[in-house]
There are 2 protein chains.
Amino acid sequence: MSEKLPTTPSSGDLVAGAVSQISAFIRKNQLKPGDRLPSEAALTESLNVSRTVVREALRSLAAMRLIDLGAGKRPTVAELDDSSIAMTFRHGLFTDQIDIRQIYDARRTIEGRTATLAALLRTEKEADEMLGFARAMQNRLDQPAVVMENDLALHLAIARASKNPVFALMIGAFQGVIVESWPIGWRARATDDEREAMNRLHLDLAEAIAASDPQAASTIMDRHFDQSLRALARAGLT
Amino acid sequence: MSEKLPTTPSSGDLVAGAVSQISAFIRKNQLKPGDRLPSEAALTESLNVSRTVVREALRSLAAMRLIDLGAGKRPTVAELDDSSIAMTFRHGLFTDQIDIRQIYDARRTIEGRTATLAALLRTEKEADEMLGFARAMQNRLDQPAVVMENDLALHLAIARASKNPVFALMIGAFQGVIVESWPIGWRARATDDEREAMNRLHLDLAEAIAASDPQAASTIMDRHFDQSLRALARAGLT
DNA sequence: TGCGCAAACTTATAATACAGGTTTTCAAAA
DNA sequence: TTTTGAAAACCTGTATTATAAGTTTGCGCA
C-alpha cells in the first residue's frame, strides 16, 4: 500500500477525480472485500488534494456501497450490497418517475427466471430453508409483519439459490422498496380465503423448487405475481 | 422552502442522519426532478449540524444520483439515472463477486421481456429509430467502435420502448459495465460471416419489433444471447 | 419593456483543531 | 516462550474559518 496514485491532470471537479482514482486503486491492486484502503492522510498526499476532498470522495464511494467507513477505522472494500440500487428505485418512486406496477413487472420477469434456476441449482439446505419460510408464513397469517418478513425472505432465498448474485442484488433492491407497498397488497386481500390462497402458492413454490421442478416453479411464480398485481390493482395501486 | 426539517434525536452517524432527512425532505415536499433543495447554509441550520456534515450528506446523495450538484448552484433533484447501479455492478466485477457471464444471463432474462414488450408497445418513431441503429451497424462492420455504439443504442432503445423505466435503468446499468467486455466478444467473432450473422440477428430483431411480433422478437433476442455467450465462452470469458 | 451589470448568494476547496475510535507496540507477567 | 494489558501512535468524525469562483437576483438605465 505504499505506491503513489497517478496524479490527475484534473478537470473541474476534484472530488469526482478522487472518486475515480480511488476506485481505480481498488481495481489495480485487485483489492477484495475487507481489504483496507490508504488512510485519508495518505490519500490526501498521493492525490494532492485537501482532506476535505478526500473525505467527500470516500463518502461518495461509501454511498454507492463500494467501501465501508467507520470511526477510527481505515476505509475497507465493501461486500456487494443492494442498498444503493434500492435507493435509485426509491428515488424513482418518490419523484413519480416509476410506479409500483412497473417494479412488480420487473420483479415478475426476474423471479420467473430465479424460480427456474433455483429449481435446477438449489442445494438441499436451501430447499429446506425455503420450505421453512413458507411454513412460517402459514402459521402466522394473523401477523402481517411476520408474514411479510417470511415472504420477502423466501423470494430472496430463491434468488440466492439461482447462484447468480446479479439476481440476488436486484431482488434485494426491489424488496428495499416493496416494504412500503406490501401492507397495501395485504390489506387488499381482505378475506382469510385470499390470504390462504396466497400462502398456498408460496408453499407450492417452495415445494416445486424442492422437487427440482423448474417448469412448475416458474409457472407458480407467475401465478403468484398475477395474484399480487390483482390485489394491488384492487387497492388502487400507485 | 422555508420550513424547518424535523430535528433528529440522531444516533452515531450525523452524515447518515442528514442523508435520510434530506431524502425525506424530497419525499415530503414531493419535489420533482429539477426542483431546488435548500442551500447548504439553510440545511446546516435546520439540521443543526456543521456545514461539513451537510456537504458530505449532499455528496452522498449525489453519488447515488438522487440530486445534482454544481458550483454556485443550489442542489437540485435529479432525473432517474443508471450510473449508480452500474457502479455497483462494476464493483462486483472488479472484486470478483460477479462475473461477466452472470451479467449476460441477467441481461438475457430481462431483454427477452423488453423485446416482447417493445414489440407490443413501440411507437412508430421508436421502431424507426431501432431500424436505424441496426442498419448503421451493418454499414460499418469494419469499425468496432461504431458497431458497439449502435449495438448498445439498439438494446437501450428496446428497453425504453418497453415503457418500463425499471428495465431501461437496468439495461443502461449493464451497458455501463459491458463496454469493457464488448471488444472481447467482437474479437471472438473472427470471421466476416460471424459478424454478418450477429448483425443479421440485430436487423431481424428490429424488424420483428417494427412488425409488432412479440413472439419473434423474444425468440430472436434469445438466439442473439446464445450467440453472444458462445462468443464470450470461446474468448475464455473471465 | 428590455438589457446589462453589480450585489447577494452559493458552492468548491483548503487548512486547522480537537474529540473519540482503533490498531499497534512493547514491556511486564505467567 | 506465550499471553496480557495498557500506553502510544494512528485514524476518522465533526466543527470552524477563509477564500476563490460560479450563479441568481434585482435594480437602474436605456
Side-chain angles (χ1 to χ4, degrees), chain A residues 1-3 5 7-22 25-26 31 33-78, chain B residues 1-5 7-23 25-26 31 33-78:
Chain A
M1 200 70 63
S2 59
E3 315 150 3
L5 298 179
T7 304
T8 345
S10 178
S11 46
D13 193 354
L14 293 187
V15 173
V19 165
S20 74
Q21 296 222 56
I22 296 169
F25 180 91
I26 294 174
L31 300 190
D35 288 351
R36 290 196 296 184
L37 269 62
S39 69
E40 290 178 5
L43 289 169
T44 292
E45 193 176 355
S46 56
L47 299 182
N48 278 304
V49 290
S50 71
R51 194 182 155 209
T52 306
V53 169
V54 169
R55 279 192 58 79
E56 290 187 10
L58 290 173
R59 280 288 184 194
S60 295
L61 290 163
M64 294 183 290
R65 310 294 312 109
L66 303 206
I67 65 174
D68 289 316
L69 300 178
K73 297 203 275 221
R74 297 250 293 274
T76 57
V77 174
Chain B
M1 200 71 65
S2 59
E3 314 151 6
K4 296 271 170 178
L5 297 178
T7 304
T8 346
S10 183
S11 48
D13 193 353
L14 294 188
V15 174
V19 165
S20 73
Q21 296 222 51
I22 296 169
S23 166
F25 179 90
I26 293 174
L31 300 189
D35 287 352
R36 291 195 297 184
L37 270 62
S39 69
E40 291 177 3
L43 289 169
T44 293
E45 194 176 354
S46 56
L47 299 181
N48 278 305
V49 290
S50 72
R51 194 179 154 213
T52 307
V53 169
V54 168
R55 279 193 59 78
E56 290 186 10
L58 290 172
R59 280 289 185 192
S60 296
L61 290 163
M64 294 183 290
R65 310 295 310 108
L66 303 206
I67 65 173
D68 290 317
L69 299 178
K73 296 203 276 221
R74 298 250 293 273
T76 57
V77 174

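All chains are named by letter (A, B, ...) in the order of the sequence lines, taking the proteins before the strands, and each is independently numbered beginning at 1. Side chains are part of it too, since the values below use all heavy atoms of this structure and drop only hydrogens, waters and symmetry mates.
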Rounded distance (nearest 0.5 Å) linking atom CD of Gln21(A) with atom CG of Leu14(A):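 So the gap between those two atoms works out to 10.5 Å.
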Point-to-point distance, once rounded to the nearest 0.5 Å, from CG of Leu37(A) to OG1 of Thr76(A):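 If I round to the nearest 0.5 Å, the distance is 8.0 Å.
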Rounded distance in Å - [atom1] ([X]) to [atom2] ([N]):
X        : N       : atom1 : atom2 : answer
Asp13(A) : dA21(D) : CG    : P     : 16 Å
Glu40(B) : dA12(C) : CD    : C1'   : 8 Å
Arg55(B) : dT10(C) : CZ    : P     : 14 Å
Leu69(B) : dG22(D) : CG    : P     : 17 Å
Glu45(A) : dC10(D) : CD    : P     : 14 Å
Asp68(B) : dT11(C) : CG    : C1'   : 14 Å
Leu43(B) : dC9(C)  : CG    : C1'   : 15 Å
Glu56(B) : dA14(C) : CD    : P     : 14 Å

Side chain to side chain donor-acceptor pair (under 3.5 Å) partner of Arg51(A), the single match among Glu40(A), Glu45(A), Glu56(A):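 When Glu40(A), Glu45(A), Glu56(A) are each tested with Arg51(A), the side chain to side chain donor-acceptor pair (under 3.5 Å) holds only for Glu40(A).
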Selected nucleotide, minimal atom distance to Ser39(A) side chain, candidates dG13(D), dT10(C), dC11(D):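 Selected nucleotide (nearest to the side chain): dC11(D).
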Residue Val53(B), side-chain heavy atoms: nucleotide from dA14(C), dT11(C), dT14(D) that is nearest: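 Shortest atom-to-atom distance from the side chain points to dT14(D).
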Sugar-phosphate only, base, or nothing, as touched by Thr52(B) at under 4.0 Å among non-hydrogen atoms: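 Result for Thr52(B) = base.
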dA14(C) phosphate, OP1 or OP2, under 4.0 Å from Ser50(A) side-chain N/O: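 Result: yes.
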Distance below 4.0 Å between Arg59(A) side-chain N/O and dT14(D) OP1 or OP2: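 Indeed, a polar side-chain atom of Arg59(A) lies that close.
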With Leu43(B), the side chain to side chain contact (heavy atoms under 4.5 Å, CB included) member among Val53(B), Val54(B), Asn48(B):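 It is Val54(B), the one option of Val53(B), Val54(B), Asn48(B) that forms the side chain to side chain contact (heavy atoms under 4.5 Å, CB included) with Leu43(B).
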Summary of protein contacts for nucleotides 17-26 of chain C, nucleotide by nucleotide, where a base hit scores B, a sugar-phosphate-only hit scores S (4.0 Å, heavy atoms): B---BSSS--
Polar side-chain atom of Arg65(A) near backbone of Ile67(A) as donor-acceptor pair, under 3.5 Å: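 At least one qualifying donor-acceptor pair exists.
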Audit row: Leu47(B), Ile22(B), side-chain contact (heavy atoms from CB on, under 4.5 Å) steps and yes/no: CA-CA 9 Å; Leu47(B) 299 181; Ile22(B) 296 169; 4.3 Å; yes
Nearest atoms (heavy-atom pairs only) where Arg59(B) meets Ser60(A):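 Answer, listing the atom of Arg59(B) first, then Ser60(A): O-OG, 3.8 Å.
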